[in-house]
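Heads up, the thing below is written out as structure tokens.
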Amino acid sequence: MSLLILNRQEVRELLPMRDCMDVLAAAFRAYSSGESVQPLRTMMKVPETDDILASMPGYDGASESMAVKLITVFDDAAETVLDSHQGLVVLFSSDHGNPLAIMDAIEITAIRTAAASGVATEALAKEDASALAILGAGVQARSHFDAMTEARDIKTVRIWNRSRNGAEALAAELPPQGSVDVTVANTVQSAVSGADLICTVTAAAEPVLKGEWIQPSVHVNAVGSSTPSKRELDTDAIVRSRLFVDSRESAVNEAGDFLIPKSEGAVGDDHIVGEIGEVLSGKAPGRQSRDEITLFKSLGMAVEDVAAAHLIYERAKAEDRGVWIEM
Ligand code: NDP
């Protein structure tokens, strides 16, 4: 039995943002139509730390493929040369069950998460959105720049980060995209003032974005928090927004951004307008007026990894990339 091994660089080259957004849109529709299978992820806490080892299996009905992502999230990344999220995606044949490929998960996670926000932005943001605020300056901040410039004609980008150095480093690293003007903001409030799109991509446990700072007509992609006790947005931000999610099941089990306001009695489950796959299929209403605030709460779904891994594998075979080993 032959197995294809693909490293980080190969994954990056085989998964352009636009193509990833297209396969994710199909995966979202399939998931929300009940064609896919995705149990809640298993998260194991490493004793006496906040570090996590997670397992995310899934079957994507759109590509008829299946995989499992094994990923760690470690807090001490800033003190090492390592990324905070590391792991592997193992792709299996859905015909015979044999493993087909093992590939780096750092790059898949970076690209597919931003691509999910890109799909949501194309579906929910106003057409002429051009001013982007990014809160955070890590791996996701970088890939969200690519996704947002793919989704809309971005003219200005303001980056806020907990440490200003990180924001400056990201601003210097971003590739020139036409005449995009990139600046660093000292406060979250100044970063989001005048923004049409806001991406929250921090590892914060307490809110960094307040509802009172979000202007009408904005679309927010809330990406950073993915456990019930952590949130990046305050209660007011959730209450003021029309809320869309990747998966209802994940949102009501894992999303601190939603569950904390819910525990305060500020919102109920009916505050979730729909899954992004329902919006794409016309089963849930998207943006209804120019002035409303739309909010996409992203938790990250296994089917996103599956759809991306399937595309990478097919491309790698066609382009003769990677290394084959005999098992
Ligand atoms: P990185 O480790 O690359 O970057 C982390 C960022 O968060 C840095 O900008 C860091 O700032 C900032 N940060 C850390 N702690 C705080 C804090 N207490 N308050 C404010 N900012 C803080 O992580 P990634 O970019 O890979 O991931 C960002 C977030 O997105 C994480 O929470 C991660 O779990 C989540 N994520 C969500 C996914 C999804 O599908 N929804 C998928 C992958 C990740 P500084 O530079 O100052 O350290």
Side-chain angles (χ1 to χ4, degrees), residues 8 20 24 27-28 31 38 41 43 50-54 56 58 69 71-87 89 104-120 133-147 159-171 173 184-188 191 199-210 220-234 244-247 250-251 254-258 276 295-308:
R8 184 174 182 176
C20 189
L24 255 58
F28 283 141
Y31 174 77
Q38 179 185 269
R41 57 189 146 204
M43 295 205 211
D50 282 331
D51 302 330
I52 288 171
L53 169 61
M56 298 171 65
K69 180 161 85 173
I71 189 140
T72 57
V73 185
F74 267 53
D75 266 352
D76 67 349
E79 296 136 40
T80 71
V81 293
L82 301 171
D83 285 70
S84 55
H85 294 60
Q86 302 173 80
V89 175
D104 164 73
I106 298 177
E107 211 61 37
I108 292 187
T109 304
I111 298 169
R112 67 72 152 152
T113 306
S117 298
V119 171
I134 302 178
L135 310 182
V139 170
Q140 288 298 334
R142 173 71 187 74
S143 58
H144 273 71
F145 172 80
D146 294 340
I159 305 169
W160 170 86
N161 191 48
R162 179 177 63 171
S163 61
R164 193 181 160 96
N165 285 353
E168 283 171 353
L170 176 63
E173 183 202 316
V184 170
N186 280 327
T187 63
V188 172
C199 297
T200 65
V201 281
T202 74
E206 301 294 331
V208 290
L209 179 60
K210 291 189 178 179
V220 182
N221 295 304
V223 176
S225 123
S226 39
T227 59
S229 58
K230 289 171 91 173
R231 61 173 172 169
E232 294 180 291
L233 275 58
D234 73 356
F244 299 83
V245 296
D246 43 15
S247 152
S250 304
E254 296 175 349
D257 283 311
F258 168 69
I276 204 68
L295 167 58
F296 172 56
K297 177 56 209 157
S298 160
L299 285 155
M301 301 206 289
V303 294
E304 299 169 13
D305 301 305
V306 179

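When a ligand or atom number is given, it counts from 1 through the structure's own listing order. Computation of the quantities below employed the complete heavy-atom set of this structure, encompassing side-chain atoms and omitting hydrogens, waters and symmetry-equivalent molecules.
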Donor-acceptor pair, distance only, cut-off 3.5 Å: does the side chain of Thr72 make one with the backbone of Phe74?
no

All N/O donor-acceptor pairs, side-chain side in residues 298-305, below 3.5 Å, sequence neighbours left out:
from   : atom 1 : to     : atom 2 : distance (Å)
Glu304 : OE1    : Arg112 : NE     : 3.3
Glu304 : OE1    : Arg112 : NH1    : 3.3
Glu304 : OE2    : Met301 : N      : 3.4
Asp305 : OD1    : Lys69  : NZ     : 3.1
Asp305 : OD1    : Arg112 : NE     : 2.8
Asp305 : OD2    : Lys69  : NZ     : 3.4
Asp305 : OD2    : Arg112 : NH2    : 3.1

Should the pair Asp257-Lys297 be classified as a salt bridge under the 4.0 Å nitrogen-to-oxygen rule?
yes

Can you pull the residues with any heavy atom under 4.0 Å from ligand 1?
Ser84, His85, Thr109, Arg112, Thr113, Gly136, Ala137, Gly138, Val139, Gln140, Asn161, Arg162, Ser163, Val201, Thr202, Ala203, Ala204, Val223, Gly224, Ser298, Leu299, Gly300

Donor-acceptor pair, Glu168 side chain versus Asn165 backbone, under 3.5 Å?
no

Name all residues meeting the salt bridge (charged side-chain N to carboxylate O under 4.0 Å, His left out) criterion together with Asp75; count only those two or more places apart in sequence or in a different chain, and write none if there are none.
none

Donor-acceptor list for residues 224-231 side chains, cut-off 3.5 Å, not counting sequence neighbours:
from   : atom 1 : to     : atom 2 : distance (Å)
Ser225 : OG     : Lys230 : O      : 2.7
Arg231 : NH1    : Thr235 : OG1    : 3.0

